[in-house]
Amino acid sequence: MSIDYYQQHAQRFFDETVAVDMSMLHERFLACLPPAALILDAGCGSGRDALAFLRHGYRVEAFDAASEMADRARALTGLPVSTLRFDQFSAPARYDGIWCCASLLHVAEAELPGTFARLTQALKPGGIWYLSFKRGSGEREQNGRRFTDLTGARLRKLIEELDNVAVQDIWLSEDKRPGRNEVWVNGLVRRG
């Protein structure tokens with residue numbers, strides 16, 4: 001359902017998100033990484049964040065579940081952006097960092113533990129993972145998209161159920177898009 005939304009509204013979503021200033025979140029994430037680290041932008045949307053990481057000298061790989069979004073991210077970044085859903089993702093421990101900005105919120109809550117486990121397995125030891133959800137509780141549908149909303153406490157519990165990872169930080173932030181007033185729950189997780 002959410003993939004269909006992004007297929008049909010890809011250009012509008014691209015236009016609404018590509019220029020949003022995410023530098024404060026980028027800086028917090030990148031401060032945890034070594035120079036020239038390999039970053040996976042998982043659920044990359046417009047490609048905005050992948051492009052920012054490239055411009056900071058990092059190596060970047062990216063995927064998105066909607067082929068129309070992957071096409072736009074590919075055009076923006078020059079990267080070979082894959083079309084892939086989280087339940088199709090699997091990789092050995094090769095990434096220094098994984099970035100999941102407003103992408104995991106479309107995964108059903110029952111599927112989050114397995115998705116989280118696959119993502120952490122793709123991190124190198126010591127690797128850092130950023131993720132964000134809209135603050136709230138439970139699952140909902142809105143305008144043709146499904147959302148899983150989490151509180152900071154629920155996010156912490158999901159992370160603490162994983163093996164060999166630790167919560168580095170969980171904090172709240174406000175939506176940066178004009179006219180939006182959502183509050184976001186952000187997390188940084190480090191693999192042991």
Side-chain angles (χ1 to χ4, degrees), residues 1-10 12-14 16-17 25 29 40-50 61-70 72-73 81-93 95 97-123 127-167 169-173 175 177 180-189 191:
M1 166 186 359
S2 295
I3 295 172
D4 292 340
Y5 173 90
Y6 291 106
Q7 289 290 95
Q8 295 169 14
H9 303 283
R12 188 178 89 201
F13 185 79
F14 178 92
E16 290 174 354
T17 60
L25 291 176
F29 173 68
L40 173 65
D41 189 348
C44 67
S46 66
R48 168 199 67 213
D49 303 320
E61 294 178 7
F63 70 80
D64 198 89
S67 62
E68 290 290 330
M69 291 309 306
R72 283 161 178 76
V81 178
S82 303
T83 301
L84 193 67
R85 296 187 318 263
F86 281 110
D87 63 354
Q88 298 169 317
F89 173 75
S90 178
Y95 297 103
I98 297 178
W99 177 263
C100 296
C101 184
S103 55
L104 290 165
L105 51 73
H106 295 305
V107 176
E109 189 165 2
E111 296 171 16
L112 286 175
T115 301
F116 280 20
R118 284 192 303 280
L119 287 163
T120 57
Q121 288 167 0
L123 273 176
I128 195 81
W129 174 31
Y130 168 81
L131 62 168
S132 63
F133 289 83
K134 291 183 181 186
R135 185 177 67 174
S137 191
E139 297 174 293
R140 63 187 167 88
E141 185 181 328
Q142 181 179 337
N143 301 327
R145 292 182 289 174
R146 64 168 326 284
F147 292 94
T148 298
D149 297 333
L150 296 180
T151 62
R154 179 68 179 130
L155 178 58
R156 182 177 298 278
K157 185 175 185 323
L158 283 165
I159 293 166
E160 288 174 347
E161 291 171 357
L162 297 167
D163 291 331
N164 205 23
V165 299
V167 174
D169 198 7
I170 292 178
W171 72 98
L172 301 178
S173 63
D175 201 302
R177 294 171 291 179
R180 302 295 284 266
N181 61 0
E182 285 116 342
V183 174
W184 291 85
V185 176
N186 306 272
L188 279 177
V189 179
R191 183 168 183 182

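Computed from a predicted model, the values in this text were never measured in an experiment. No hydrogens, no waters, no symmetry mates; every other heavy atom, side chains included, goes into these values.
A donor-acceptor contact shorter than 3.5 Å links the side chain of Arg48 to the backbone of Thr17. Using a distance-only test at 3.5 Å, with no hydrogens or angles considered, no donor-acceptor pair links the side chain of Glu109 to the main chain of Glu139. The main-chain N or O of Cys101 is never found under 3.5 Å from a side-chain atom of Ser132 such that the two would form a donor-acceptor pair. Between the side chain of Asp169 and the main chain of Leu188, no donor-acceptor pair closer than 3.5 Å is present. Panel note: side chain Arg180, backbone Asp175; no donor-acceptor pair is recorded below 3.5 Å.
Side-chain contact check for Cys100 versus Trp129: some heavy-atom pair is nearer than 4.5 Å. Contact check for Lys134 versus Trp184: side-chain heavy atoms found under the 4.5 Å cut-off. Counting heavy atoms from C-beta outward, Thr115 and Phe89 have side chains that stay 4.5 Å or more apart. In this structure, the side chains of Leu25 and Asp49 stay at 4.5 Å or more apart for every pair of heavy atoms. Between Thr83 and Asp64 the shortest side-chain heavy-atom distance does not fall below 4.5 Å. Here the side chains of Leu123 and Val165 are not in contact, with every heavy-atom distance at 4.5 Å or above. Residues Arg72 and Ser46 are not in side-chain contact: their nearest non-hydrogen atoms beyond the backbone lie 4.5 Å or more apart.
To the nearest 0.5 angstrom, Arg135 atom CZ is 12.5 Å from Leu150 atom CG. Rounding to the nearest 0.5 Å gives a distance of 14.0 Å between OG1 of Thr120 and OH of Tyr95. Between atom CG of residue Leu105 and atom CZ of residue Phe147 there is a gap of 6.0 Å, rounded to the nearest 0.5 Å. The CG atom of Asn186 sits 9.5 Å away from the CD1 atom of Ile170 when rounded to the nearest 0.5 Å.
Across every non-hydrogen atom of Pro113 and Leu158, the tightest pair is CG-CD2, 4.1 Å. The minimum heavy-atom distance linking Ile98 with Ala122 is given by the pair CD1-CB, 4.1 Å. In terms of heavy atoms, Arg191 sits closest to Ala93 at NH1-CB, 3.8 Å. Here the closest non-hydrogen pair linking Leu155 and Val185 is CD2-CG1, 3.8 Å. In terms of heavy-atom proximity, Ser103 sits nearest to Gly43 at CB-O, 3.6 Å. Across every non-hydrogen atom of Cys44 and Val81, the tightest pair is SG-CG1, 3.7 Å.
The aromatic rings of Phe116 and Phe133 sit tilted relative to each other, their planes meeting at an angle between 30° and 60°. Aromatic ring orientation, Phe86 versus Phe63: perpendicular (interplanar angle above 60°, classes split at 30° and 60°).
More than 12 heavy atoms of other residues, nucleotides or ligands sit less than 6.0 Å from atom CZ of Arg118.
The side-chain hydrogen bond (donor to acceptor under 3.5 Å, both in side chains) test with Tyr6 is passed by exactly one of Arg12, Glu68, Arg145: Arg145.
Neither side chain, His106 nor Tyr5, offers a donor N or O lying under 3.5 Å from an acceptor on the other.
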